[in-house]
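What you see below is based on every heavy atom in this structure, not just the backbone, and it leaves out hydrogens, waters and symmetry mates. Each chain gets a letter, A, B and so on, in the order its sequence line appears, and its residues count up from 1.
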There are 2 protein chains.
Amino acid sequence: MSDQVRIVEVGPRDGLQNEKTPVSAETRIAFIENLVKAGLHTIEVGSFVSPKAIPQMVNSDQVLRAVDHHPGYEFHVLVPNEKGYEAAKAAGAKVIAVFASASEGFSRANINCTVAESIQRFVPVIERARADGIKVRGYVSCVLGCPYDGEVKPSAVVDVTKKLWDLGCYEVSLGDTIGVGTPSKARQLLRAVAAEVPMRNLGMHFHDTYGQALANLYAGLEEGARVIDSAAGGLGGCPYAPGATGNVATEDVVYMLEGMGVATGVDMKQLVAATNDIAKVLGKSPVSRVASALNAKARG
Amino acid sequence: MSDQVRIVEVGPRDGLQNEKTPVSAETRIAFIENLVKAGLHTIEVGSFVSPKAIPQMVNSDQVLRAVDHHPGYEFHVLVPNEKGYEAAKAAGAKVIAVFASASEGFSRANINCTVAESIQRFVPVIERARADGIKVRGYVSCVLGCPYDGEVKPSAVVDVTKKLWDLGCYEVSLGDTIGVGTPSKARQLLRAVAAEVPMRNLGMHFHDTYGQALANLYAGLEEGARVIDSAAGGLGGCPYAPGATGNVATEDVVYMLEGMGVATGVDMKQLVAATNDIAKVLGKSPVSRVASALNAKARG
């Protein structure tokens, strides 16, 4: 467990995109700069989707341009199609993320096409990105359950993950989008996928809807996975259970890793400050246990 | 992981004792009956401490007498000394719990004596209980860290646990009182203690102050531990970080176990109803992730 773990901070994108209150580009930039200050080196900062569909991500080009001046840091943006790719490239993106679902029900409801069609849609995007020297990260959603189809077979996850990998993604992140996974299932899934795609190229993107995320991450770490997606403050609720918890909180992940002797390079005090700042803007308390506890201690 | 796990529900004692608002005996009785209805078979229902010191636990004799009519169920009460033992016995207690700290700082601050003195104080209590045919459970607090002394050596935990075991406790529960443990430390600790006391007689009593409890429990289960203390709704804050999370929530534990194929016999719907009822009395939302998510889904 002593080797390096890489944290991919997704708060400014996956987090804020699922918060009701849209946040201005200026505030998002300040949030990202705070996260950089806290020592997070890989940050997903925006999404080039239709502002009508997701108003929270409007002006992602502005955000990317403003923050992308830290050498050695990686700023990712989500891209849904070729149009989005054009915009991302124009804004200077060096890493983009594409996404597919492991379940047909979610694919249909979310992007109105089959899983196979969605992957097909990304073929030209990935090809162009590779030709342009832009790295592509893949996401697979609903890897441990689907709000429409219920159980999702590991073989379906393996299939989609392998396709994204074969197309040229340098890393594929496995999303427990509705947070229904439990440790042994997470472990079995990673083992199954790692038979086709190297474990070091798999990300764990687990939501904390039912409080299981950290236990699932620990199980995954034991299995050999080394990439964790998380969001400062546990930003981003669950559209399928409004009011529930969203992404696993970066603070809680860092606390676990540091406690296990895995150095993250993250300054917890700065991270909690970043979390508190954005929580203030959103008008609510951070949902992360660590931020709550450290804030409580600070109040005395 | 397929063998039985036993849940010790501590909400009515460790939970409510750490809530600011004292709750009437009637309400505590109704809460316990709801927990019984939900399928929890081992419940810590009260404490025979001075009502001046802990007003939340006043009338625990009344509570115990009212609920102790379910054959096959176990209702535990905490006992701090011989006086408390007398009262517990008079109320018909069949299982009592005694406690010691693994750290000197906590022992001094909490019960104003050394660890050795506190154990000495329990010698006559345990002797009398055994002579009276009353089972004794032991608690060791601060097993993964102390609010006064900081780090706690596993050897100190092993020492206190073994003493309680040797005195005749049928089970000793290891308390991460301030929730600072992380999975590998929890695992190493259990391994160390199990060298002296059988693993099946060790309980895991982990608080969720920093969100680590479920991950720590999973690590402990992998190590072979099979007894989990938890509180419905995650009741009971942390006196050392007011506003932070308390005991790990029974709902979250049950969700994890059932997801791993470990049958708990707990009816989740009834359990969340019990949690909601007591949360209403306390005038706050349940802190458990599962209750939040299921309540959100129920609201639609």
Exercise. Do the side-chain N and O atoms of B:Glu222 and A:Tyr218 include a donor-acceptor pair separated by under 3.5 angstrom?
Worked result: no

Exercise. Which atoms form the tightest heavy-atom contact between A:Glu251 and A:Ser288, and what is the distance?
Worked result: OE2-OG, 2.9 Å

Problem set entry | Residue B:Asn295 versus chain A: region with a heavy atom under 4.5 Å | neither

For this session: Give the ring-plane orientation class for A:Phe106 versus A:Tyr148, where under 30° counts as parallel, over 60° as perpendicular and anything between as tilted.
Result: tilted

For this session: State, to 0.1 Å, how close B:Thr250 and B:Ser230 come at their nearest heavy-atom pair, and which atoms those are.
Result: OG1-OG, 2.9 Å

Problem set entry | Choice from A:Ala249, A:Ser292, A:Ala213, A:Ala293 maximising heavy atom contacts with chain B below 4.5 Å | A:Ala293

Seminar exercise, completed: So, the part of B:Ala219 with a heavy atom under 4.5 Å from chain A: the answer is both

Exercise. Taking the six-membered ring of A:Phe99, is NZ or CZ of A:Arg13 closer than 6.0 Å to its centre and within 45° of its axis?
Worked result: no

Problem set entry | Max heavy-atom pair count under 4.5 Å with chain B, selected residue of A:Arg187, A:Arg299, A:Gln188 | A:Arg187

Problem set entry | Side chain, backbone, both or neither of B:Thr245 within contact of chain A (heavy atoms, under 4.5 Å) | side chain

For this session: Determine the option with the most heavy-atom pairs under 4.5 angstrom with chain A, choosing from B:Ala298, B:Gly181, B:Ser184.
Result: B:Ser184

